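Note sheet for the following structure.
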2 protein chains.
Amino acid sequence: MTRPAHQSVTIVDVAEAAGVSKSTAGRALAGAAEVSARTRDNVVRVAAELGYRPNQVARSMITGTTETVGVVIPEMSNRFFSAALQSIARTIRKHDYELLVSSTEGEPALERRSVEVLSTKRVDGLIVAPVGGADADHLRRLTEIGTALVLLDRPAPKATSASLVSVNNIEASRLAVDHLIGLGHRHIGIISEARPDSAPAGATELEPTAHWPSTLRLAGYMRAMTDAGLTVRPGHIAHSAYSSAASYAAATRLLRATPPVTAIYCTDNVLSAGAFAALQDSGRDCPGEVSLIGFDDHEWAPLVRPRLTVVAQPTEVIGITAAEELLAAIADPTRQPATHLLPARLITRDSTAPPGRAAAGG
Amino acid sequence: MTRPAHQSVTIVDVAEAAGVSKSTAGRALAGAAEVSARTRDNVVRVAAELGYRPNQVARSMITGTTETVGVVIPEMSNRFFSAALQSIARTIRKHDYELLVSSTEGEPALERRSVEVLSTKRVDGLIVAPVGGADADHLRRLTEIGTALVLLDRPAPKATSASLVSVNNIEASRLAVDHLIGLGHRHIGIISEARPDSAPAGATELEPTAHWPSTLRLAGYMRAMTDAGLTVRPGHIAHSAYSSAASYAAATRLLRATPPVTAIYCTDNVLSAGAFAALQDSGRDCPGEVSLIGFDDHEWAPLVRPRLTVVAQPTEVIGITAAEELLAAIADPTRQPATHLLPARLITRDSTAPPGRAAAGG
DNA sequence: CTGAAAGCGCTAACAT
DNA sequence: ATGTTAGCGCTTTCAG
């Protein structure tokens with residue numbers, strides 16, 4: 001009775017036990033209409049008794065599909081990505097797809113590896129938040145071989161035929177800056193991961209980094225300032241690496257700038273915490289002396305004092321939209337790629353107020 | 001030139017173009033030693049030119065493995081799980097495995113579905129944070145069919161032959177309570193997702209919920225109180241549903257208890273935010289009038305005022321351990337299941353102080 | 001309505 | 001060192 005098979009009970013076992021051919025067994029299990037109710041019930045019962053588990057790998061071999069989508073992101077513990085992942089998961093599950101997820105730690109080499117491996121595993125489509133600047137051959141390759149691709153959060157230079165789902169970064173910054181300007185601020189500092197020179201004359205360049213969120217947010221800041229007739233001062237643009245600690249240092253620098261800033265706009269969720277801590281430790285009154293705007297709505301934004309005003313991304317909608325766009329692309333390979341630039345929202349709390357107001361005490 | 005194949009270029013195409021048999025091509029691509037360097041190089045070159053992508057599905061068909069592990073968790077946007085996921089991902093990637101992840105929204109039916117679907121997709125092993133109380137047939141089934149299984153965060157009643165990786169919840173609570181007792185507190189409240197009557201005489205019962213983290217944390221609180229000769233008062237145990245809002249309400253109730261509590265211990269990360277907000281809004285001075293301990297170390301714990309003292313789980317180690325345990329079980333099916341109860345750590349900040357100390361002002 | 005046969009792309013004996 | 005053959009478990013023509 002020994003059998004070197006990989007699998008305990010196959011459809012052949014079920015067929016034999018039910019006294020039918022494996023084709024009939026297969027049809028019965030698939031709920032095909034052409035099989036008589038009697039034999040179908042019998043087959044199903046026998047399958048249950050035997051503990052038969054269909055083998056999706058074998059099925060994929062034939063159908064050429066895996067009912068699986070891949071997601072490649074820099075980091076899954078990042079709030080933005082974990083929230084996006086959650087809504088992607090929920091959306092695709094409704095369509096009976098599963099999620100193969102790979103995190104790249106922000107490393108281009110790992111991103112390429114992930115995309116290749118998932119492709120090798122024959123995912124039906126891929127959502128990727130690319131990090132690998134200029135080199136996007138691995139993404140272009142996907143569209144060449146006909147794998148559905150949706151870009152999340154940021155575009156990729158060469159992946160022209162992929163859809164993009166992201167917040168409207170330019171407008172997000174405008175929201176923040178206009179709010180501050182409306183309050184009367186004229187000296188507004190910004191903490192950005194982007195290098196000040198990466199967004200020189202706007203955000204329409206074709207440079208590798210020109211369309212990254214941080215670059216666009218910086219560009220949006222510059223544009224909003226300019227449109228309001230305010231001067232964009234290099235000394236008010238603080239570059240920060242992508243960490244809370246770096247942001248702390250950047251904010252500290254900004255607080256010593258001349259002319260002094262009366263407000264700081266923080267362009268990323270991991271940078272917000274560091275900036276807030278720096279402002280707190282500086283002893284400056286917020287919002288009395290310095291206003292602060294964070295990016296992304298955190299659980300803690302209403303918990304700290306002053307409660308933090310933020311520019312919130314529609315994270316959930318972004319995830320849902322990316323998933324739906326991908327499912328649509330899988331269902332219809334001729335579908336044209338679309339760009340979804342979702343609107344951000346300003347959530348006004350207590351960390352922003354008119355400038356020059358002394359601490360009211362108490 | 002038309003071909004109804006599912007795949008653009010297969011190993012047969014490569015073989016033909018290279019003028020060898022498909023076995024040789026396969027061996028060359030696999031880097032087998034028995035193939036001459038000359039033909040191997042040639043095959044590899046031709047494969048690259050043709051844009052050949054190996055088909056992992058077909059390979060799995062033969063080997064019976066997928067180099068994929070499944071992870072089933074209640075929610076991936078939850079801080080604890082997203083952090084665990086991240087370290088699981090990193091660990092398995094080093095062993096060239098991929099991650100098929102499914103979130104269950106805390107619904108037992110979805111959990112069963114996820115486990116079955118991933119099993120159908122022939123994952124080599126599964127890490128699950130079970131939620132489905134008494135009904136764990138779907139998990140027992142896995143071990144029956146020989147699929148490696150590791151339980152994360154909480155055990156499952158019937159899945160006896162699976163490893164478990166979790167924090168030591170009893171000791172975690174003892175850490176918190178002993179700290180408070182050491183400061184002089186005698187009236188310590190607790191906010192718990194567990195019903196007070198679920199952990200009556202300790203945590204050694206065999207009831208469905210008896211080993212859930214929340215139950216164990218409550219039991220640990222009761223045990224630590226008792227061991228210190230303090231009275232466990234039902235009025236000081238506030239039950240809360242699993243949400244920040246519910247915890248806010250529970251904390252508010254606790255603040256009105258008689259005799260009054262001088263300290264509150266919060267047993268879960270999502271409950272911590274609500275309790276903190278409630279204490280803040282109550283106008284009570286913390287830690288002057290009431291001390292507070294949260295669970296899990298949040299990004300915001302050092303940002304709020306007072307900075308929050310917490311019991312921190314070794315989230316990263318939990319994820320790594322679960323992944324390694326799973327990989328070991330996959331590699332050696334005869335391996336005996338192990339239980340890893342990792343130690344929690346108390347991070348003392350400013351929200352805990354001796355009781356009865358009036359607000360010092362300023 | 002059911003069965004027989006072919007084959008998805010690949011690896012793994014078994015030859016040579 | 002290379003080629004030939006036989007499947008992995010399943011779906012899907014094609015016959016009946």
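Order of the sequence lines fixes the chain letters, A, B, ..., with proteins taken first and strands second; residue numbering starts at 1 for each chain. None of these values were measured; they are calculated from a predicted model.
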How close or far is atom P of C:dT16 from atom CD of B:Glu34, stated in whole angstroms?
-> 18 Å
Sequence neighbours excluded, the answer for side-chain contact (heavy atoms from CB on, under 4.5 Å) partners of B:Arg154 is B:Pro74, B:Phe81, B:Pro130, B:Val131, B:Pro213
Residue list, side-chain contact (heavy atoms from CB on, under 4.5 Å) with A:His340, at least two apart or on another chain | A:Val165, A:Thr321, A:Glu325, A:Ala338, A:Leu342
Taking CZ from A:Arg53 and P from D:dC10, how many angstroms apart are they, rounded to a whole number?
-> 10 Å
Among D:dT2, C:dG9, D:dC10, the nucleotide that comes nearest once only the side chain of B:Val35 is considered = D:dT2
Grab the CD-P distance between A:Gln56 and C:dC8 for me, whole Å please.
-> 19 Å
Using a heavy-atom cut-off of under 4.0 Å over every strand shown, decide if A:Thr39 touches base, sugar-phosphate, or nothing.
-> sugar-phosphate
Side chain of A:Gln56, backbone of B:Thr120: donor and acceptor closer than 3.5 Å?
-> no
Nearest heavy-atom pair of A:Glu67 and A:Thr65: which atoms, and what distance?
-> OE2-OG1, 2.9 Å
Any side-chain N or O of B:Arg59 less than 4.0 Å from the OP1 or OP2 oxygen of C:dT11?
-> yes
Minimum-distance nucleotide (side-chain atoms of B:Ile62 versus D:dT11, D:dG7, C:dC1) = D:dG7
Atom pair distance, as rounded to whole Å: CD1 in B:Ile11 and P in C:dG9 | 12 Å
Just how far is it from atom OG1 of A:Thr68 to atom CZ of A:Arg122, taken to the nearest 0.5 Å?
-> 13.0 Å
Short side-chain N/O contact from B:Ser36 to OP1 or OP2 of D:dT2, under 4.0 Å | yes
For residues 74-92 of chain B, pull every pair meeting salt bridge (charged side-chain N to carboxylate O under 4.0 Å, His left out), keeping only residues two or more places apart or in separate chains.
-> A:Glu105-B:Arg90
Between B:Arg93 and A:Ser103, is there a donor-acceptor pair closer than 3.5 Å when you use the side chain of the first and the backbone of the second?
-> yes
Rounded to whole angstroms, how far apart are CG on A:Asn55 and P on D:dG7?
-> 18 Å
Per-helix bend value, the helix from C:dC1-D:dG16 to C:dT16-D:dA1, C1' rotation axes over five pairs per end, 10° rounding, shows 40°
Knowing that exactly one of A:Val115, A:Leu99, A:Leu142, A:Leu100 qualifies, which makes a side-chain contact (heavy atoms from CB on, under 4.5 Å) with A:Val123?
-> A:Leu100
Tell me which residues in residues 16-29 of chain B put a heavy atom below 4.0 Å from DNA chain C, sorted by number, or none.
-> B:Lys22, B:Ser23, B:Arg27
Nucleotide D:dC8, atom P - distance to CG of A:Asp13 in whole Å | 11 Å
Sequence neighbours excluded, every pair satisfying salt bridge (charged side-chain N to carboxylate O under 4.0 Å, His left out) that has a member inside residues 20-49 of chain A | A:Arg45-A:Glu49
Gap between atoms OH and P, on B:Tyr52 and C:dG9 respectively (whole Å) | 10 Å
